[in-house]
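Only one structure is covered here, and it is reproduced in the block below.
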Number of protein chains: 4
Amino acid sequence: MQKPKKVVLAYSGGLDTSIILKWLQTEYGCEVITFTADLGQGEELEPARQKALLMGIKEENIHIVDVREEFVRDFVFPMFRANALYEGLYLLGTSIARPLISQHLVKIAQDHGADAVAHGATGKGNDQVRFELSAAALDPSIKVIAPWRLWDLTSRTRLLEFAEANQIPIAKDKRGEAPFSVDANLLHTSSEGRVLENPAEEFPNYVLQRVVPAEEAPDTPEMVEITFERGDAVAINGERLSPATILARLNDLGGKHGVGVLDLVENRFVGMKSRGIYETPGGTILLEAHRGIEQITLDAGAGHLKDSIMPRYAELIYNGFWFSPEREALQALIDKTQEHVTGTVRVKLYKGRAVTVARWSDHSLYSEKHVTFEEDAGAYDQKDAEGFIRLNALRLKLIATRNARVAKK
Amino acid sequence: MQKPKKVVLAYSGGLDTSIILKWLQTEYGCEVITFTADLGQGEELEPARQKALLMGIKEENIHIVDVREEFVRDFVFPMFRANALYEGLYLLGTSIARPLISQHLVKIAQDHGADAVAHGATGKGNDQVRFELSAAALDPSIKVIAPWRLWDLTSRTRLLEFAEANQIPIAKDKRGEAPFSVDANLLHTSSEGRVLENPAEEFPNYVLQRVVPAEEAPDTPEMVEITFERGDAVAINGERLSPATILARLNDLGGKHGVGVLDLVENRFVGMKSRGIYETPGGTILLEAHRGIEQITLDAGAGHLKDSIMPRYAELIYNGFWFSPEREALQALIDKTQEHVTGTVRVKLYKGRAVTVARWSDHSLYSEKHVTFEEDAGAYDQKDAEGFIRLNALRLKLIATRNARVAKK
Amino acid sequence: MQKPKKVVLAYSGGLDTSIILKWLQTEYGCEVITFTADLGQGEELEPARQKALLMGIKEENIHIVDVREEFVRDFVFPMFRANALYEGLYLLGTSIARPLISQHLVKIAQDHGADAVAHGATGKGNDQVRFELSAAALDPSIKVIAPWRLWDLTSRTRLLEFAEANQIPIAKDKRGEAPFSVDANLLHTSSEGRVLENPAEEFPNYVLQRVVPAEEAPDTPEMVEITFERGDAVAINGERLSPATILARLNDLGGKHGVGVLDLVENRFVGMKSRGIYETPGGTILLEAHRGIEQITLDAGAGHLKDSIMPRYAELIYNGFWFSPEREALQALIDKTQEHVTGTVRVKLYKGRAVTVARWSDHSLYSEKHVTFEEDAGAYDQKDAEGFIRLNALRLKLIATRNARVAKK
Amino acid sequence: MQKPKKVVLAYSGGLDTSIILKWLQTEYGCEVITFTADLGQGEELEPARQKALLMGIKEENIHIVDVREEFVRDFVFPMFRANALYEGLYLLGTSIARPLISQHLVKIAQDHGADAVAHGATGKGNDQVRFELSAAALDPSIKVIAPWRLWDLTSRTRLLEFAEANQIPIAKDKRGEAPFSVDANLLHTSSEGRVLENPAEEFPNYVLQRVVPAEEAPDTPEMVEITFERGDAVAINGERLSPATILARLNDLGGKHGVGVLDLVENRFVGMKSRGIYETPGGTILLEAHRGIEQITLDAGAGHLKDSIMPRYAELIYNGFWFSPEREALQALIDKTQEHVTGTVRVKLYKGRAVTVARWSDHSLYSEKHVTFEEDAGAYDQKDAEGFIRLNALRLKLIATRNARVAKK
């Protein structure tokens, strides 16, 4: 690979990406542009600016952007329309943030005439794939630099030596190895690695970053009402709010009640299994409520179709194919089904659970008139069921007749 | 339809099926054979014998059979291998019992030379479909009589009048209309109708039959370890038990801890939406544990395939197609994936939740050596990821190049 | 059912629908409105007007409409975007015309304030389902009358007697029973029944209505070039034409060269198998060409996704669910994939076959630079394949290792 | 990578694999074991033995094996049970042979204690993936050497220089570059590259290796009857034959009549599109006949299920995942559906087409009694259709009612 001249780095301000920043400068002698996103990870971002300046990044090359609304509106909400769960359980909290970051990296690179983008993901994980597939889809000419796959700083000791040799400040608590690795954004916090690597051992409660253990949650349930329009949440307890504000409020509620903790062993795209502890308090409530409102507003035909393609949709997002024709085609299908997914759901939060207890909607397909045990005034003719069953049974009878005939021979 | 001469009736001993019994006798002048199954519904069955005798059924025409082991071994467990959930949430507790009942009805009919079977399901629900499709698949010549679709006893008053006119004893609490309708077996209890018909109203706690409300569950979590072999549970806390015993134990545990309550609006096969309250305490634990063991023993390829066909499989069972070539073909697929689904899962029960907290297996595919954040001694070469990503990205780059080219024109 | 007062009848002008017309008048004493569509079936429609007038239909109640462009543009072309084949082979020529007819019937009924529509399909086939599901979806209050399921004219003799008794003219060639039943529109002609009922017997060539037997087709191949834009054919041999004109031209070409004859035993929605001889000359060419242009303009991700949902899409159309949320959602997916399906295909016609022999497009994704056996100037680095394969192989190695480990015990 | 000591090479005896043989010897100084398979490619294999001996391979290290029966029985036939077509058209003739070759390479390596296998596939194609994924799945410890990705013999000139420098005989017609590249086995011949690289240009007839151009095929059609048992062909024209013999006979017939030529642009697993000319004469007849027999013996439920998973199954084989849990699970599903796929089909061969014209079977599900246009003696009650349609329509009516209600507001 030719040495890049200008590189846009996904920069958190932390030790690892600071080392990468310096390594890019020394390895390639290139100009570095930093991109630091406020995804709702709950950290101050201004220190990232100071550190970048300290390492010689020009003021105009420092980009710190609040992308929370964009994140929830354009990525999280479309995904939740699908009730997406990877491997039956995982709400894709990390996966869904990566394409957004790549999109900004590529855009900044194009604006600055940079020839490469760089990220701090390792060569074992899914995030490298997500960053790089997104970049490839958005700008096929852009190079992606993944220092963890390139350099020889392969141990903690060597990383720290490099940092010291290059005057990169090391916070005291970063001297030692962290007991596990954490990633966070407005949708979730994931923890994995080291003390969590044995899936036969329960994770210790101190792993939890934003959700209280269920046992410590309040003894009194709390209700929350979420209103949807065309598949997206638009209000909480009757108050109309922006997408990011909705998710933040639900995070607070879920976190308080111990909702949304998942201990999962999953299959990475790169071929190995890994174990993660995921906290998705608001997302867990949102999924439950979305299902609740779909129950009364979505028809069986559309609903079963959605269910049947959901695993593939979730897999695409997990594997990093957000910006792909097949994800976009599936999104078109999903969005089409959401036209009437409008109404309100009441969810009960208690000791780790979020449970739909009531739902109502002007768009409801539920017909008490039809389903009632009471007199239905002719809404439904029970005799129709006979023909319905007989024709559904016809092929089964033909099979049974054939099988008996053949068996006799 | 020609009048049947001998009819095998699915007989519970309750008021409704007693009325049906008498109606069959009077309407057709036919001989009635009763089949009463112990599916684990938790009711005494001997009274059914007494009632049948009272109504003139011959001793040799009364069949009371304990089918609990058969039910769990041949129906529940195969279904759980698929992690089957109808519409994302429902564990199919009623659906899975119907084909078993039909199978016995048909067998008894063949043994007695009867020309019809009869059931007490109404013309609005799914159960009639399940009973009748199963019967058609098992014996294409058998007739099925569904009195609720035929008679004119269309109100509570008329039913009671018929009962009184025919000396059918009416228990005091059956005089008035029940506030909702209940079905139960070893896997679940369902409640629906009447006071539950408005999905915008929370169900009252008195609806619950076998699970305590989460708020009343113990304040201390309880752990349970479930061992699987080839996808089926075989032991609890190290004790090897029969299928029905395992499910019964898990029911006790789940019921005590408030686990497995679902308030659902679902789509019936006959075209309307209905609302049900389902209690599946043991099944909910079993599903969680099965997923837990699959996490470490099932490969991504087989796992994602299973996930993708699961909605169809669940729909088939819900719709009554247990005895169909397509359910059997899907079962062959699912069973093939379970060959190594062997190992043990620890599940934590607390205040309505059952959560996997640990899993281990000799058949595990989890490789700490590969996934570790530490030195992996060459188990995995991070540089491989580059080629992997580049070839996965190739088509995305070709698309982006094409799109840019076309856009320019 | 209450007697209808005004009925809109799908009226062909033929003997059968004339009998239905009269039967509606006599049975219900209702006003009849006729709808006769020019779907390209190749029959004069003005005689239908005369016959209707003769039977007392008011001038303003007679609707004869040329729907050919609408049929191809809004029904045939959207379906062909999906490469839809029912049971792997059938181009759905009858199925796709039914929802259009229902749409017109319902619209006319609403305009006239009619309370019912009527059709001439029998109770054994798929068409009744297609007509009636479409009507239900478009106007839930409309009644549908299907005389073949209602009346007692169950033999040819009784039908003719009824016709004679009611002064309905009977063409000489309609006296005897036709040797098979025919349905036609611009997309296809189907023949079934009677002499065709035994699938072990070859159909005689005289069955063919619009395609010459391959043996009688010209000895010289003919080329045709079809240009597509966003998935739809827009030009033939460089000449821009309307949708119906394109299909008509392709029908002429295909018919001349023996293209598009299918002898199929298929599964009807109502549960039985039936055998049909289908002639779809233009449609067969169109499908081949559409596949040809997709080969170079559609990405693998979108293409494989389309392929995987196609059987379901085709089944929905076959079963009569054109106007359903799930068909519409699938259509949204399919249409999304067609944005770049633009370009030209050359198809060779010869002795029953239509075969793509060349295709080109400004939107092509085919990259000779990448695929070439010659020096590719760095477009593709063969070493990338190693990492690609190694990570794809990783899970297979972990499985093999596990299996060997378990087998040893 | 450590230098291998013993390598099993997939050796054809041709120039390219001879160069690889020598390169392995010189590059690694390793012992080479050759495996030459008779897959029905129609070449003499004994010359391969002589050439191997000449290059110093020990007699006991030369393996020449006739795998034709194994190929058809264990690979081709199972695949044809699925009616597998990649991207709608391709019969997977190359793809299905690779896992068999890998299986033998790995077995021989284990027998000889070799530490690596080697193949002659390039770094751009699918075959490398198929060879290597198969090897990984069968023996996770085996190394795979792909010289085309490793060496510097990157031009024809350098290859020939290497051959000359190493006394490898070069046939006269191998001096110049072949105009295209050919692969063949009993199922098919593929041609690609060079003169075929432009998909806008028709391929010249001299490309065809085993099928006559349709225009040159006999002017008289020929019939062939193929008998199936449980989904596999077992007899031709009443003569019971082995699997490989059946395929060979069908190849002769198809080749003579111009059947089975495909000009396709397809999506390679490695991300690029390529164009190939495929000749699959016998396979094309077999697919047609298999579909023909399924039409009367396979139920709609099983048939539609098969259709819906077929694209995924075909993709797995194309991508090299024959030995994967997901392919095996899908195979279990497919095989389950074939239990009654038994009977005989008559196929007409004429000028490039193979068309089913008749089929019959003791296992037939076709019921003339039900489908007949004549009196059916009560086999089918047309009135049943009404209830069937009404309940299928119910949800559509509820949707339409809801939509109208909402639209009014």
Side-chain angles (χ1 to χ4, degrees), chain A residues 133 136 140 230 267 271 296-304 308-309 311-312 324-326 337 339-343 361-371 379-409, chain D residues 133 136 140 230 267 271 296-304 308-309 311-312 324-326 337 339-343 361-371 379-409:
Chain A
L133 292 184
R230 302 174 67 89
N267 294 291
I296 55 170
T297 58
L298 197 63
D299 161 69
H304 293 192
S308 75
I309 57 90
R312 187 163 191 169
S324 70
E326 60 272 31
T337 66
E339 291 175 354
H340 286 279
V341 178
T342 293
S361 167
D362 288 344
H363 296 247
S364 179
L365 291 167
Y366 181 87
S367 172
E368 209 166 319
K369 189 177 70 174
H370 282 84
V371 80
Y380 179 95
D381 184 348
Q382 301 211 16
K383 288 187 178 48
D384 287 340
E386 189 165 323
F388 180 72
I389 296 171
R390 285 168 66 100
L391 292 205
N392 271 298
L394 177 51
R395 69 179 176 92
L396 302 177
K397 288 188 179 184
L398 291 170
I399 295 166
T401 305
R402 184 266 309 269
N403 292 0
R405 187 180 72 229
V406 170
K408 254 184 228 162
K409 297 203 177 179
Chain D
L133 293 184
R230 302 174 67 89
N267 294 290
I296 55 170
T297 58
L298 196 63
D299 161 68
H304 293 192
S308 74
I309 58 90
R312 188 164 190 166
S324 71
E326 60 272 30
T337 66
E339 291 175 355
H340 288 279
V341 179
T342 294
S361 168
D362 289 344
H363 297 248
S364 179
L365 291 167
Y366 181 88
S367 171
E368 208 166 320
K369 188 176 71 175
H370 281 83
V371 80
Y380 179 94
D381 184 347
Q382 301 212 16
K383 288 188 178 47
D384 287 341
E386 187 165 324
F388 180 73
I389 297 172
R390 284 168 66 101
L391 292 204
N392 271 298
L394 177 50
R395 68 179 176 92
L396 302 177
K397 288 188 181 186
L398 291 170
I399 295 166
T401 305
R402 184 265 308 271
N403 292 0
R405 188 179 70 228
V406 170
K408 254 184 227 161
K409 296 201 176 176

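Convention: sequence-line order gives letters A, B, ...; per-chain numbering from 1.
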For residues D:Leu398 and A:Ser367, report the shortest heavy-atom separation together with the two atoms involved. CD2-CB, 3.9 Å

If you round to the nearest 0.5 Å, how far is CG of A:Asn403 from CG of D:Asp299? 10.0 Å

For chain A, which candidate among D:His370, D:Lys383, D:Arg405 shows the most heavy-atom pairs at distances under 4.5 Å? D:Arg405

Quick check: does any side chain N or O of D:Arg395 sit under 3.5 Å from a backbone N or O of A:Leu365, one acting as donor and the other as acceptor? no

So which residue, D:Arg390, D:Glu386, D:His363, ends up with the most heavy-atom pairs under 4.5 Å with chain A? D:His363

What part of D:Tyr366 gets closer than 4.5 Å to chain A, counting heavy atoms only: side chain, backbone, both or neither? neither

If we define contacts as heavy-atom pairs under 4.5 Å, which of A:Ile399, A:Asp384, A:Thr401 has the most with chain D? A:Asp384

Distance (rounded to the nearest 0.5 Å) between A:Arg402 CZ and D:Thr297 OG1: 6.5 Å

Chain A shares the most heavy-atom pairs under 4.5 Å, among D:Leu396, D:Ile389, D:Leu394, with D:Leu394

